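Bear in mind that the values here come from a model prediction, so they are computed numbers and not experimental data. The chains referred to below are lettered A, B, ... by the order of the sequence lines, with proteins before strands, and numbering in each begins at 1.
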Number of protein chains: 2
Amino acid sequence: MSGNQKPALRFAVLAIDVALFAVLDRRLSVLLIPVDRPPHFLNRRGLPGGLIAPEETAEQAVARHLRDKAEVSRVYVEQLATFSGIDRDPRGRVVSVAYLGLMPAEQAAAVPLALGQRWVPVEQAKHLAYDHDEILAAACERLRARLGYSTIARHLLPREFTLTELQQTYETVCGRAFDKRNFRKKLLEVGIVHPTGKMRTGQPSRPAELHRFAGTGVSVIVLF
Amino acid sequence: MSGNQKPALRFAVLAIDVALFAVLDRRLSVLLIPVDRPPHFLNRRGLPGGLIAPEETAEQAVARHLRDKAEVSRVYVEQLATFSGIDRDPRGRVVSVAYLGLMPAEQAAAVPLALGQRWVPVEQAKHLAYDHDEILAAACERLRARLGYSTIARHLLPREFTLTELQQTYETVCGRAFDKRNFRKKLLEVGIVHPTGKMRTGQPSRPAELHRFAGTGVSVIVLF
DNA sequence: GCAAAAGTGTTGCCGGTACACCCATGC
DNA sequence: GCATGGGTGTACCGGCAACACTTTTGC
């Protein structure tokens, strides 16, 4: 381990893994794929991922693997952390750059399940293969934190949404309730969402006004 | 840049880079080493770093390179982000896990400069080799942010310090002044620092009481 | 005794939180 | 007309920011 080791220019095996979240049925859920790699992992589940090719960035690898393996495209992702534990993959040394991804519920519902992949509520996503428990825990923690000081929630919702839907998204991810009046006041006066004038009708209740996030992309704010 | 380069660098090589900070002479400074790699980088400077060996984690690689190259040991480091731009190293594909490191001023002053390495105020650390400008910018931003909601500042100070030294450290990193009474009140009532009873004498002014950070390690708080 | 930095409390204001009722629609 | 969720305003309280003078030492 000390400096008298010859610089090892051998191939590094570099991978990406993605904790892709959606709020489904009022639960924070993560997309898991089947893992069956005898002798170490039999009938387990894990996060989607794969190797980084020699001529692509980690971000491009994320997009490629989500497209090819999960038939998922146009998702928001951001880098989480890199996991370099020596034995994280028992087959050999694999260093993984982990990403946090988000999807609106409707888009998540349209993800094909033919490949055995499933949306699983995070509290049930335990005993994953490799070190994916650890990656998932880091991703959850990061998501919860970012919700409070960024507009990242926009990527968990469709373009237009009601304020109740927005609030429920926050409540589901953060695991606690917010006061309806304070929540609306805050988001509107900070100016990160604004009303469209359109109404959502068809429910057996008073119609709700549809809103949109202001601007594009994720910006930094202070919400709570 | 593509696969037709020489074999040793044909696929991704994994490296670490460290933005190692210290507050010296009331300036936030970063440790830079000389970079002389014809034909791309002549007489430039860059962050210390090096390759990750096959049997060590990224954290171990950081410790090893700092020890071997900069003769620096026992520093606090935390992972920053991974940089995987395809052309970030013109010699070939190198993916780098970047780290943020911190040192107390006295320890930084004791770092040997024989190897050409220098502590450089961050505002003068421009035009670095590779993508190190980008890494350094990310590190500065992260350091400033973490100062406000963690006790990370403990690693920029010696074990015992005066409240004025602590405040100056915050002011230097954040680039703005704080009110003396409010600053002390906050840090003391939150309980992250506590007085030792010892005094620092020898200056031509009233002696100041020495303080310590409570507990060990970095914890999460809200300061401002 | 003078220069230099240490130490110490109070007040006003703003923002966060707690809280309850009427409204519009589908059936 | 009734069930369901949508939408709205106020009052209190606590935390943050602004602010100036006295104290202790070295020289």
Any chance you could measure A:Asp87, atom CG, to B:Thr57, atom OG1, to the nearest 0.5 Å? 11.0 Å

Rounded to the nearest angstrom, tell me the gap between atom CG in B:Leu188 and atom P in C:dG7. 10 Å

Any idea how B:Phe224 and B:Phe178 line up, ring-wise: parallel (<30°), tilted (30 to 60°), or perpendicular (>60°)? tilted

Starting from P on D:dC16, measure out to CZ on B:Phe178 and report it in whole angstrom. 13 Å

Between C:dT17 (C1') and A:Glu189 (CD): distance, integer Å: 13 Å

Tell me: CG of B:Asp179 to P of C:dT11, nearest whole Å? 16 Å

What is the distance, rounded to the nearest whole Å, between atom CD of B:Gln167 and atom C1' of C:dG7? 12 Å

Ranking A:Arg181 and A:Gly202 by the position along DNA chain C of their nearest nucleotide, the one closer to 5' is A:Arg181

Rounded to the nearest Å, what distance is computed from the CG atom of residue A:Asn182 to the P atom of nucleotide D:dG9? 14 Å

Dot-bracket for DNA chain D, 5' to 3', counting Watson-Crick or G-U wobble pairs under 3.5 Å, with [ ] for crossing pairs and | for inter-strand pairs? |||||||||||||||||||||||||||

Partner residues of B:Arg181 under the side chain to side chain contact (heavy atoms under 4.5 Å, CB included) criterion, sequence neighbours left out: B:Asp179

Can you sort out the partners of B:Ala98 under side chain to side chain contact (heavy atoms under 4.5 Å, CB included), two or more places apart, ordered by chain and number? B:Leu80, B:Phe83, B:Ile135

Please state whether the phosphate of C:dT8, meaning OP1 or OP2, lies under 4.0 angstrom from any side-chain nitrogen or oxygen of B:Lys185. no

Sequence neighbours left out, what passes side chain to side chain contact (heavy atoms under 4.5 Å, CB included) with B:Lys180? Give chain and number order. B:Gln167, B:Arg184

Between C:dA4 atom P and B:Gln203 atom CD, what is the distance in whole Å? 14 Å

Would you tabulate the side-chain donor-acceptor contacts of residues 205-223 of chain B under 3.5 Å, counting partners in other chains and residues two or more places apart, or write 'none'?
| from | atom 1 | to | atom 2 | distance (Å) |
| --- | --- | --- | --- | --- |
| B:Glu209 | OE2 | B:Gly197 | N | 3.1 |
| B:Arg212 | NE | B:Glu160 | OE2 | 3.0 |
| B:Arg212 | NH2 | B:Glu160 | OE2 | 2.9 |

Between atom CD of B:Gln168 and atom OG1 of B:Thr162, what is the distance when rounded to the nearest 0.5 Å? 7.5 Å

Are there any protein N/O atoms within less than 3.5 Å of an N/O atom in nucleotides 4-7 of chain D, and if so, which ones and at what distance?
| from | atom 1 | to | atom 2 | distance (Å) |
| --- | --- | --- | --- | --- |
| D:dT4 | O2 | A:Pro204 | O | 3.2 |
| D:dG6 | OP1 | A:Thr164 | OG1 | 2.8 |
| D:dG6 | OP2 | A:Thr164 | OG1 | 3.1 |
| D:dG6 | O3' | A:Pro207 | O | 3.3 |
| D:dG6 | N2 | A:Arg206 | NH1 | 3.3 |
| D:dG7 | OP1 | A:Glu209 | N | 2.6 |
| D:dG7 | OP2 | A:Arg184 | NH1 | 3.3 |
| D:dG7 | N7 | A:Lys180 | NZ | 2.6 |
| D:dG7 | O6 | A:Lys180 | NZ | 3.0 |

Could you tell me whether A:Arg88 and A:Glu134 make a salt bridge, using a distance below 4.0 angstrom between a side-chain N and a carboxylate O? no

For atom CZ of A:Phe183 and atom C1' of D:dT8, their distance in whole Å: 16 Å

Can A:Arg146 and A:Glu141 be counted as an ion pair, charged N to O under 4.0 angstrom? no

